[in-house]
Amino acid sequence: MSIISKDISKAVALLNSEELVAIPTETVYGLAGNIYSEKAIKSIFETKQRPLFNPLIVHIPSVEYLSKIVEYIPEKAKLLAEAFWPGPITLVLKKKNSIPDIITADKDTVAVRIPNHSLTLELLNNLSFPLAAPSANPFSSISPTTAQHVENYFKDNIKMVLDGGACKSGIESTIIGFENEEPVIYRLGSTPIEAIEDVVGKIEIKNKKEISPEAPGMLERHYAPKTKTILTSNLSKSIEEYSNKRIGILVFNDVLNDDAIEFKVVLSESKNLEEAAFKLYDALHQLDKQDLDIIIAEKLPDYGLGKSINDRLKRATK
Ligand code: TXA
Ligand code: MG
């Protein structure tokens, strides 16, 4: 029987009984549980086979709620919250003592966001606690952007996926930490860096080696298909190199035809980066099902969401 359902009251009941529910957000589906239930939180880590050193994002219903979770809000964090919430920005701030250490992997900071999805906002407003929710995929595999993707991963492990359709943005939130009051990007994501700079000025991106293990979303191998995957700026050369293999390609808008290609996904015929982000993970899920020898992904333009997509593709190829 399918675990996919649109029944919010069922989701509320399960979460109130310390069970997990997969929830839709504008970025990817999350595997959610009550942040104050040790049982639920342990079950998130077990279900995902996620190492305990990797902290979770706390999802709250409103900006006012933030002061219940964090000790201190820097001025630029307020600006970002006002500009982008509800939406795909996660702020890493000094946590209140009441936030359980298992959520934050013993750090003194906590990651928080307000998701921009009407069903999940309604759900949060019907609960007396916030929801911890990592992406609803086994550790290091491709993130889910439809209820079906989640069911394929976890139908034997969880009781319900709240069906909110396909995630509109399609890649995870942008994670921002604060160092001496100044924002720093820990993970590129659905909110383009240029939009963030319009609000808070020039912002630094800290790569994995500088911040590890601050944001293991920055782990080198992550978001990865099972099929060997490479990223290239020279598609025809890469295709030639693997011409004796079963090749799948993932391209931005190119309509290149080549007999050597077994399966092809075009992310946006009109070269629209938002459309490409929306389709990215579903494309990887599809390619991974084709029994290919290799997936050749083409690098996208390196600005706006293209930068965030390239970041995910790089990690998919490690
Ligand atoms: O869009 C999203 O952010 C989705 C949806 C479901 O909200 N969630 C998501 O969660 O991507 P997850 O667990 O797959 O990625 C959360 C990232 C991890 O890389 C984690 O290390 C980082 O957030 N993180 C969490 N707490 C942190 C903290 N206190 N300091 C630094 N990084 C933190
Ligand atoms: Mg994830």
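We count ligands from 1, going down the list as the structure has it; atoms in each ligand are counted the same way. Basis for what follows: all heavy atoms, side chains included, without hydrogens, waters or symmetry-related copies.
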Asks: Taking only non-hydrogen atoms of R113, do any sit less than 4.0 angstrom from ligand 1?
Replies: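 R113 counts as a contact of ligand 1 under the 4.0 Å cut-off.
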
Asks: Does either side chain, that of S135 or that of N137, offer a donor lying less than 3.5 Å from an acceptor on the other one?
Replies: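 Looking only at side-chain atoms, N137 and S135 do form a donor-acceptor pair, the distance falling under 3.5 Å.
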
Asks: Could you check whether R312 makes a cation-pi contact with Y223, meaning its NZ or CZ is under 6.0 Å from the centre of the six-membered ring and within 45° of the ring axis?
Replies: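 Yes, a cation-pi geometry holds between R312 and Y223.
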
Asks: I want to confirm something. Looking only at heavy atoms, which of P55, S143, S135, A22 is nearest to atom 14 (O) of ligand 1?
Replies: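 Considering heavy atoms of P55, S143, S135, A22, the nearest to atom 14 (O) of ligand 1 sits in S135.
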
Asks: Looking at K226 and D288, is any side-chain nitrogen of the basic one under 4.0 Å from a carboxylate oxygen of the acidic one?
Replies: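 No.
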
Asks: For D282 and Q286, run side chain to side chain donor-acceptor pair (under 3.5 Å): C-alpha distance rounded to whole Å, both residues' side-chain angles, the deciding distance at 0.1 Å, then the answer.
Replies: CA-CA 6 Å; D282 190 59; Q286 273 189 54; 3.3 Å; yes

Asks: Considering only distance and modelled atom types, tabulate donor-acceptor pairs under 3.5 Å from the side chains of residues 266-273, sequence neighbours left out.
Replies:
{"from": "S268", "atom 1": "OG", "to": "K271", "atom 2": "N", "distance (Å)": "3.2"}
{"from": "S268", "atom 1": "OG", "to": "N272", "atom 2": "N", "distance (Å)": "2.7"}
{"from": "S268", "atom 1": "OG", "to": "N272", "atom 2": "O", "distance (Å)": "3.4"}
{"from": "S268", "atom 1": "OG", "to": "E275", "atom 2": "OE1", "distance (Å)": "2.7"}
{"from": "N272", "atom 1": "OD1", "to": "E274", "atom 2": "N", "distance (Å)": "2.8"}
{"from": "N272", "atom 1": "OD1", "to": "E275", "atom 2": "N", "distance (Å)": "3.1"}

Asks: Does S43 have any side chain to side chain donor-acceptor pair (under 3.5 Å) partners at least two apart in sequence or in another chain, and if so, which?
Replies: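 Result, side chain to side chain donor-acceptor pair (under 3.5 Å) vs S43: none returned.
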
Asks: According to the ring pair (Phe, Tyr, Trp, His ring centres under 6.0 Å) rule, which pairs have a member within residues 19-50, sequence neighbours left out?
Replies: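 Residue pairs passing ring pair (Phe, Tyr, Trp, His ring centres under 6.0 Å), neighbours aside: none found.
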
Asks: Have a look at ligand 1 and work out which part of H117, if any, has a heavy atom under 4.0 Å from it: side chain, backbone, both or neither.
Replies: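 It is neither part, as no heavy atom is under 4.0 Å.
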
Asks: Is the closest heavy atom of E26 to ligand 1 under 4.0 Å?
Replies: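 No heavy atom of E26 comes that close to ligand 1.
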
Asks: Run through the protein N/O/S atoms less than 2.8 Å from the Mg ion (ligand 2) and write them out by chain and number.
Replies: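 Less than 2.8 Å away from the Mg ion (ligand 2) sit S135 OG.
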
Asks: Kindly check if the number of other-residue, nucleotide or ligand heavy atoms within 6.0 Å of NZ (K39) is above 12?
Replies: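 Buried by this count: over 12 neighbours within 6.0 Å.
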
Asks: For ligand 1, find out whether one of its N or O atoms is nearer than 3.5 Å to an N or O atom of E172.
Replies: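 No; every N/O pair is 3.5 Å or more apart.
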
Asks: Out of T191, T109, T120, whose heavy atom sits nearest atom 29 (N) of ligand 1?
Replies: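 Among T191, T109, T120, the closest heavy atom to atom 29 (N) of ligand 1 belongs to T109.
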
Asks: Is E19 paired with K159 through a side-chain N to carboxylate O contact shorter than 4.0 Å?
Replies: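 E19 and K159: salt-bridged.
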
Asks: I'd like to check which ligand 1 atoms, numbered from 1 as shown, lie under 4.0 Å from a non-hydrogen atom of A111.
Replies: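 Taking each heavy atom of A111 in turn, ligand 1 has 25 (C), 26 (N), 27 (C) under 4.0 Å.
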
Asks: State the atoms of ligand 1, each with its element, that fall below the 4.0 Å cut-off from a heavy-atom position in V92.
Replies: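 Counting from 1, the qualifying ligand atoms are 28 (C), 29 (N), 30 (N).
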
Asks: If you count every heavy atom of other residues, nucleotides or ligands that lies below 6.0 Å from Y303 atom OH, does the total exceed 12?
Replies: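 Count not over threshold, so no.
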
Asks: Are E82 and K78 within salt-bridge range, i.e. N to O under 4.0 Å?
Replies: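 Here E82 does not pair with K78 in a salt bridge, since their nearest N and O are not under 4.0 Å apart.
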
Asks: Check each atom of ligand 1 against the heavy atoms of S173 and keep those under 4.0 Å away; list them by number with element.
Replies: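 Selected atoms, number and element: 1 (O), 2 (C), 3 (O).
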
Asks: Mark up the atoms of ligand 1 that fall under 4.0 Å of a heavy atom belonging to P134, in ascending order.
Replies: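 By the 4.0 Å cutoff, the relevant atoms are 10 (O), 12 (P), 13 (O).
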
Asks: Short list, please: which atoms of ligand 1 are under 4.0 Å from a heavy atom of H59?
Replies: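 The list of qualifying atoms is 5 (C), 6 (C), 7 (O).
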
Asks: For I175, counting its heavy atoms only, list the atoms of ligand 1 lying under 4.0 Å from any of them.
Replies: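 Atoms satisfying the 4.0 Å criterion: 17 (C), 22 (C), 23 (O).
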
Asks: Under 3.5 Å between any N/O of R187 and any N/O of ligand 1: does that happen in this structure?
Replies: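 Yes.
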
Asks: Which ligand 1 atoms are under 4.0 Å away from a heavy-atom of T27?
Replies: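 Going through ligand 1 atom by atom, the ones under 4.0 Å from T27 are 1 (O), 2 (C), 4 (C), 5 (C).
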
Asks: Using 4.0 Å as the upper bound for N to carboxylate O, is an ion pair formed by E197 and K202?
Replies: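 Salt bridge flag = yes for E197 with K202.
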
Asks: For Q49, does the CD atom have more than 12 heavy-atom neighbours from other residues, nucleotides or ligands under 6.0 Å away?
Replies: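 No, the 6.0 Å shell around CD holds no more than 12 heavy atoms from other groups.
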
Asks: Just go through S190, A133, S169, G30 and tell me whose heavy atom is the nearest to atom 8 (N) of ligand 1.
Replies: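 Answer by nearest heavy atom: A133.
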
Asks: Under a 4.0 Å heavy-atom limit, does T104 contact ligand 1 with its side chain, its backbone, both, or neither?
Replies: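 The answer is neither.
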
Asks: Is the number of heavy atoms from other residues, nucleotides or ligands under 6.0 Å of K245 NZ greater than 12?
Replies: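 No.
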
Asks: Going by the atom numbers of ligand 1, which of them fall below 4.0 Å from some non-hydrogen atom of K107?
Replies: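 Heavy-atom distances to K107 below 4.0 Å select 28 (C), 29 (N), 30 (N).
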
